[in-house]
Amino acid sequence: MPFDHNHHYHPTLLRQLPPGPGRALDVGCGDGRFARKLAAAGMTVEGIDTSDEMVTRATAAGSPGPGTVEYRRANVTTEPLEPESYAFISCLASLHHVPFETVTRLRDALAPGGVLAVLGCARPSRPSDYARELVAAPANALARLIVFAGDHLNGGADPVAKAPVHLKFPPLNDVRRDAARLLPGSTVRPLVFWRYLLSWRKPADHPAAG
């Protein structure tokens, strides 16, 4: 049944956008769905992904404007990123594919006042995390049924391209600890559908990259 947890949280991520137009980087962009939403919000967007197929699909979809989107095949752990050049950097279910310390590269690429928003996957660590998972299962089933019914009434769902999936997730307590160490002042908020939101705004007086 067509219900995508990452797509469900797009509005949550868009609320993290700093005011005004600017340059954005979407890491692990997949088929470009979220990158296009950033462009629709007026951002000048770069989408990167390690999958040639996903980059091809994203490029074929074009850009809705008023902003623009360009895609390229790249690995964020090695891709040169211009220091202090992005107003917004997003990672949707992609950070667990690379060492968590990769956030330091993203941190350095943010302009002062810029925002890093990570929609991540992690294993529960605390009793409250496990309790949230108990709620997630029936909520997920209900959401899938609602989406399925809506698509059925509207003639069926459009096919959705799926990016490669990596199911080895870190414990959420590790994410909390490493975020506090590498991104002081960041917040890590668990979400219902097996995701967390890590958000960090770069202080205006943060030491320059490099």
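The figures that follow rest on heavy atoms only: side chains count, while hydrogens, waters and symmetry mates do not.
Here the options are L172, V175, L197, the test is side chain to side chain contact (heavy atoms under 4.5 Å, CB included), and the partner is P190; only L172 passes. Of the candidates L198, V76, L25, V118, C91 forms a side chain to side chain contact (heavy atoms under 4.5 Å, CB included) with just one, namely V118.
Nearest approach of A58 to G30, heavy atoms of both residues: CB-O, 3.8 Å. Annotation for G62 and R36: closest pair O-CD, 3.5 Å, computed over non-hydrogen atoms. For the pair P112 and A204, the tightest heavy-atom approach, listed with the atom from each and the gap, is CB-CA, 3.9 Å. Residues A74 and T50 share a closest heavy-atom pair of O-CG2, 3.5 Å.
Taking the six-membered ring where tryptophan is involved, the planes of H206 and W200 are perpendicular, since the angle between them exceeds 60° and thus also 30°.
Here the CG atom belonging to D108 is positioned 13.0 Å from the CD atom belonging to E82, to the nearest 0.5 angstrom. Atom CZ of F169 and atom OH of Y196 lie 10.5 Å apart (nearest 0.5 Å). Summarising the geometry, atom CG belonging to L110 is positioned 9.0 Å from atom CD belonging to E84; distances are rounded to the nearest 0.5 Å. Atom CZ of residue R195 and atom NE2 of residue H8 lie 10.5 Å apart, to the nearest 0.5 angstrom. S199 contributes atom OG, which lies 10.0 Å from atom CG of L183 (distance to the nearest 0.5 angstrom). Put simply, SG on C29 and CZ on R73 are 12.0 Å apart, with the number rounded to the nearest 0.5 Å.
The closest side-chain donor-acceptor pair between E46 and Y71, if any, does not fall under 3.5 angstrom. Side chains of S90 and D26: a donor on one and an acceptor on the other come within 3.5 Å. If you check the side chains of T102 and T77, you find no donor sitting under 3.5 Å from an acceptor.
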Expected list for residues 12-21: side-chain donor-acceptor pairs under 3.5 angstrom, two or more places apart:
| unit_1 | atom_1 | unit_2 | atom_2 | d |
| --- | --- | --- | --- | --- |
| T12 | OG1 | R15 | NH2 | 3.3 |

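Within 6.0 Å of the CD atom in E70, the count of heavy atoms belonging to other residues, nucleotides or ligands does not exceed 12.
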Walk me through it: do L119 and L191 pass the test side-chain contact (heavy atoms from CB on, under 4.5 Å)?
-> CA-CA 9 Å; L119 183 68; L191 304 173; 3.6 Å; yes

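The pair E101-R107 does not meet the salt-bridge criterion, since no charged nitrogen lies less than 4.0 angstrom from a carboxylate oxygen. In this structure, R57 does not pair ionically with D31, as no charged nitrogen and carboxylate oxygen lie closer than 4.0 Å.
The backbone N or O of T56 sits nowhere less than 3.5 Å from a side-chain atom of T59 that would complete a donor-acceptor pair. For S63 (side chain) and G67 (main-chain N/O), a donor-acceptor pair under 3.5 Å exists by modelled atom type. Of the possible donor and acceptor atoms, one in the side chain of R105 sits under 3.5 Å from a partner among the backbone N and O of E79. The main-chain N or O of R23 is never found under 3.5 Å from a side-chain atom of T44 such that the two would form a donor-acceptor pair.
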